[in-house]
Amino acid sequence: MATDRLGDRHQAAGPILEVTDLRVTYDAGATPVQALRGVTLCVGTGDAVGVVGESGSGKTTLALSTLRLLPGEAAISGSVRLGGQELVGAPAEVVRRHRGRTAAYVLQAPGRGFNPVRTIGSQIAEPMRLHLDVSKPDARDRTARLARLVELDPDLLESYAHELSGGERQRAMLAMALACDPPLLILDEPTSGLDSTTKAAIAETLGRLRQEQGLALLVISHDFSLMADLTDDLAVLYGGVVVEQGPTRTVLTDPRHPYSRDLLGAYPSMTTQKDLRGIRGSAPDPADPPTGCPYHPRCTQAIDECATWAPELSPVAGRRIACLRGGVLTRLAAKNLTKSYRTGLRRTVDALRGVSLEVREGEVVGIVGETGSGKSTLVRLLVGVDEADAGTVEWEGRTLATFEKAEWADFRRRVAIVFQDPFEAVSPLLSVAEVVREPLDVQHIGSGSDRAQQVAAALAGVGLPPTDAFRSRRAHDLSGGQLQRVAIARALVLGPRLLLADEPTSMLDASEQAKLLVMLKDEQLARGMAMIVVSHDLALVRKVADRLVVLHAGEVVETGPGAEVIAAPSHPVTRALVKAAATLGTR
């Protein structure tokens, strides 16, 4: 007989599921499809482990592999141990004994898991009759208890699947999965296709079941909010390979693999202020996977070695990542910068006092503060125009103060700045073409024809006509918006890895501001470059910044994710900036 109390046999110690170097290839004709290419993960008693990734990353194949539910054309190698039993290569009858008893699988679309001509209750009871020594009356009683356990109205047990809502079918599927009291549930997109309130209710039910019944969960989903609610550990799957794995909160709040960072950037969330940004390029073809790191064709920080060397998961910042470069690079880091100036009255002005910040690859950092807070001084120190009295500025781990001539030349190619006033930044004596071409001339990059092509491409990239007539114009022939775009084209022509924009839209009207900001965001995403946006306009910066740094009287008074800083500012200066930000209603 089954135990009267669900969960009594969930107390055994040790892993319930151990997946080691799992590889799955589908025989799809002339070209085999490599769905999984060496996945390793473990789910212990009472654990909740999540697996996220884009469509086609191998998530469902992983879920099916755990119970040997793969189609006949799939070749599987490696190891899958369920309840201590090796399933890869095991006889079918051995595998069947573990289905439903050691682990139960909850399908992605619950409607597909039910026979349309049988009642829901009879199907929930069926696993008990097949796998357990349960009489028909006991099975009926136990089915009713399971319905109540998953918060499904027992009166619906006599209904058919098409008579239930999506949320009710999902609860019925959970009840059927729990029929034989397994210690592990494998959930494949358990909330896909459901409205937000039903999703939240299902997630709450799963969390309660885990706590009350001692269940372990393997959750397969593309829904990061579900992972945050349900799981303790998270594995990020890309191209059939785990590229990042660690505590869920750590991975979601501080992703370190470029793919994890980009995937989170594409996820709609109420905790972010920025617009959505998709991942450039396309997911790899599993029939023709890239060599080396699977993400390198889409990665903005990839180098030549990434195409030939496949990295293994290695410890980095409290998790494991598979990245040749150690994860998302820190492009620029300032540490304890101090800068003072003497005025004409021999009075010392402390422009900066112990300012620290860092900017990672592909990240946008907003620096905000009122006039005189030290913003422009900080920009000059970051690009090496001025030297700090104390503290250091590092570019990719190297201190600017130690740079030789060749290193400075490389730094000038890779870091560009857009100044506040384009009329002061652009020489009135030079044509548009000469202004944009000047960095190429200084760096002796390319031939004359190559430079002309790069100038035309840079102008087109910022929405300006690359015609001979426009390129021959001078500053006085252009509007403020056009001239600022010319200045940005000049900054981008060398393909920098970091762009510093010092009040880039302060002299423009609202329409030009919006167009310029959208253009900057598009360029930043397409190039994958990091960006620092300096402004006193918090309403503007919040639209582009991943993180905010608030300066006041030369000190950093607050820093953090943009949404958090704006939603709950902790410093009086930040609160004042938020209150003063542009609104279209009454204050």
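This structure is a prediction, so every number in the text was calculated from the model and none was measured.
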Less than 3.5 Å apart, any donor N or O on the side chain of Asp223 or Ser225 sitting next to an acceptor on the other?
yes

Determine yes or no for a side-chain-to-main-chain donor-acceptor pair under 3.5 angstrom, with Arg485 supplying the side chain and Val462 the backbone.
yes

Between Arg527 and Leu492, which heavy-atom pair has the shortest distance, and what is it?
NH1-O, 3.3 Å

Are any non-hydrogen side-chain atoms of Gln524 and Leu499 less than 4.5 angstrom apart?
no

Just checking, is any N or O donor in the side chain of Ser340 or Asp350 under 3.5 Å from an acceptor N or O on the other one?
yes

So does Gly481 get a backbone contact from the side chain of Gln484, meaning a donor-acceptor N/O pair under 3.5 Å?
no

Pairs where residues 441-482 contributes a residue and the test ring pair (Phe, Tyr, Trp, His ring centres under 6.0 Å) is met, not counting sequence neighbours:
none

Closer than 4.0 angstrom, basic N to acidic O: yes or no for Lys375 and Asp502?
no

Could you tell me if the side chain of Arg360 sits less than 4.5 Å from the side chain of Glu358, heavy atoms only?
yes

Salt bridge check, Glu54 against Arg298: does any charged N sit closer than 4.0 Å to a carboxylate O?
yes

Does a side-chain N-to-carboxylate-O contact under 4.0 Å join Arg474 and Asp477?
no

cation_pi(Lys339, Tyr341) dist<6.0 Å, angle<=45
yes

Within the 3.5 Å criterion, strictly below it, is a donor on Glu244 or Tyr238 matched to an acceptor on the partner's side chain?
no

